[in-house]
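Letters A, B, ... mirror the listed sequences (proteins, then strands); counts begin at 1. Both backbone and side-chain heavy atoms feed into the values below; hydrogens, waters and symmetry mates do not.
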Number of protein chains: 2
Amino acid sequence: MQKAAALRIFEALSSGVRLDVFRLLVQAGKPGRVAGEIATALDVSPTNLSFHLKGLLAAGLVSVEQEGRFQRYRANIPLMLETIAYLTAHCCGGDPDECARLRGHAPDAAAFLPPLAHDAAGPGDQ
Amino acid sequence: MQKAAALRIFEALSSGVRLDVFRLLVQAGKPGRVAGEIATALDVSPTNLSFHLKGLLAAGLVSVEQEGRFQRYRANIPLMLETIAYLTAHCCGGDPDECARLRGHAPDAAAFLPPLAHDAAGPGDQ
DNA sequence: TCAATATTTCAAAAAATATTGAATTATTCT
DNA sequence: AGAATAATTCAATATTTTTTGAAATATTGA
């Protein structure tokens, strides 16, 4: 992952409406929700929802599939996890002990932070 | 974690400057960096940096410690991990198989997503 | 104490985002 | 084909966020 992608993802989740939409879709799971259902559930105008869905879509956090005259949206959870990997890459000044100590503070998350392998970004990484 | 906290965290990371600052501090590890070092490294004016640090601080993503006339900033990585736990809580419409399938898409992150124990938020959770 | 350094606060201007309602596109149903 | 439905695009307005430079605060060292 590169900076621009990570930035789009955080921008996408930095609005209350979009955060609600994404959570709704995460909770919905595989069946997702069509736009109208989302608008009703969250009490957002279709126009405004469309605006916010576009942001989530551009970030890759949701996908759409046309279903007749409906548009069915689904959450892309794995991308969210990749983003954290990007964020925590090359952490702790390369000190594995320090890295382990940090991990200790978030027990559930412990197994996630990779020891030191970190990201595989090439020279173009920003 | 509650919605308001998660929102502050994503807002905090939704600017290129703040994302750079946070990554710099994640990579710096325990010693962190004083404000002036950050400003120089990222070529941001002290005034503007101060503005952005305030956002990161309000979100809890960084901490400060006064050191003479310097202010030393450090990243709070565990909070970032908690945020993802919040985001992926109650996922997949409660279907564990579906949850497992999703996890399969992000191998490194696989161990992070808790099976179904999920968050411990009380009735006030938004 | 005085000058220099580090950082923050404040107020104004500039830029980016969000919201609204009307119009448009595309699909279904009769 | 024509009416109804689902959703998006467009253009205008409102709101929020970011940036800038000057001024203020606090600490250090002469």
Side-chain angles (χ1 to χ4, degrees), chain A residues 3-25 28 31-75 126, chain B residues 3-25 28 31-75 126:
Chain A
K3 181 185 163 185
L7 192 52
R8 271 198 309 278
I9 287 161
F10 290 121
E11 280 169 347
L13 293 169
S14 72
S15 121
V17 174
R18 289 189 300 265
L19 190 52
D20 285 342
V21 171
F22 186 68
R23 290 249 301 161
L24 179 74
L25 293 177
R33 293 282 183 268
V34 300
E37 288 172 333
I38 302 173
T40 300
L42 303 180
D43 192 32
V44 175
S45 78
T47 297
N48 195 21
L49 179 65
S50 207
F51 167 80
H52 288 295
L53 282 170
K54 203 160 55 175
L56 287 166
L57 216 38
L61 281 171
V62 304
S63 60
V64 221
E65 188 186 3
Q66 180 151 7
E67 202 175 292
R69 57 184 146 172
F70 300 87
Q71 299 289 130
R72 184 165 295 277
Y73 288 88
R74 294 185 180 85
Q126 278 303 327
Chain B
K3 181 185 163 185
L7 192 53
R8 271 200 308 280
I9 287 161
F10 291 122
E11 280 170 349
L13 293 170
S14 72
S15 122
V17 174
R18 289 189 298 265
L19 190 52
D20 285 342
V21 171
F22 186 67
R23 290 248 303 162
L24 180 73
L25 292 177
R33 293 283 184 268
V34 300
E37 287 173 332
I38 302 172
T40 300
L42 303 180
D43 192 31
V44 175
S45 76
T47 295
N48 196 20
L49 178 65
S50 204
F51 167 80
H52 287 295
L53 282 170
K54 203 160 54 175
L56 287 167
L57 216 37
L61 281 171
V62 305
S63 60
V64 220
E65 187 185 5
Q66 180 151 8
E67 204 175 290
R69 59 184 145 172
F70 301 86
Q71 300 286 131
R72 184 166 295 274
Y73 287 86
R74 293 184 181 87
Q126 278 304 326

S.K.: Does D:dT8 have its OP1 or OP2 closer than 4.0 Å to a side-chain nitrogen or oxygen of A:Tyr73?
M.R.: yes

S.K.: Using a 4.0 Å heavy-atom cut-off across all strands, classify B:Ser15 as base, sugar-phosphate, or nothing.
M.R.: sugar-phosphate

S.K.: In terms of the nearest nucleotide of DNA chain C, which residue is placed more toward the 5' end: A:Phe51 or A:Arg69?
M.R.: A:Phe51

S.K.: With a 3.5 Å distance limit and no angle check, can you tell me whether A:Arg33 reaches the backbone of A:Ala39 through a side-chain donor-acceptor pair?
M.R.: no

S.K.: Given the rule that a pair is Watson-Crick or G-U wobble with both distances under 3.5 Å, how would you write DNA chain D in dot-bracket, using | for pairs to a different strand?
M.R.: ||||||||||||||||||||||||||||||

S.K.: Is there a side-chain polar atom (N or O) of A:Asn48 under 4.0 Å from OP1 or OP2 of C:dT19?
M.R.: yes

S.K.: Report yes if at least one side-chain N or O of A:Gln66 is closer than 4.0 Å to OP1 or OP2 of C:dT27; otherwise report no.
M.R.: yes

S.K.: How many whole angstroms separate atom CG of A:Leu49 from atom C1' of D:dA6?
M.R.: 12 Å

S.K.: Nearest whole Å is fine: how far is C:dT8 P from B:Leu53 CG?
M.R.: 6 Å

S.K.: The side chain of B:Glu11 lies closest to which of these nucleotides: D:dT17, D:dT8, D:dT19?
M.R.: D:dT17

S.K.: Would one find a side-chain N or O of B:His52 under 4.0 angstrom from OP1 or OP2 of D:dT19?
M.R.: yes

S.K.: Given D:dA6, D:dT9, D:dT18, identify the nucleotide with an atom nearest to the side chain of A:Phe70.
M.R.: D:dA6

S.K.: Answer with yes or no whether A:Thr47 presents, from its side chain, a donor or acceptor under 3.5 Å of a partner atom in the base of D:dA7.
M.R.: no

S.K.: Taking CZ from B:Arg72 and P from D:dA26, how many angstroms apart are they, rounded to a whole number?
M.R.: 21 Å

S.K.: When you get a sec, tell me which of D:dA7, D:dT18, C:dT7 is the closest nucleotide to the side chain of B:Val34?
M.R.: C:dT7

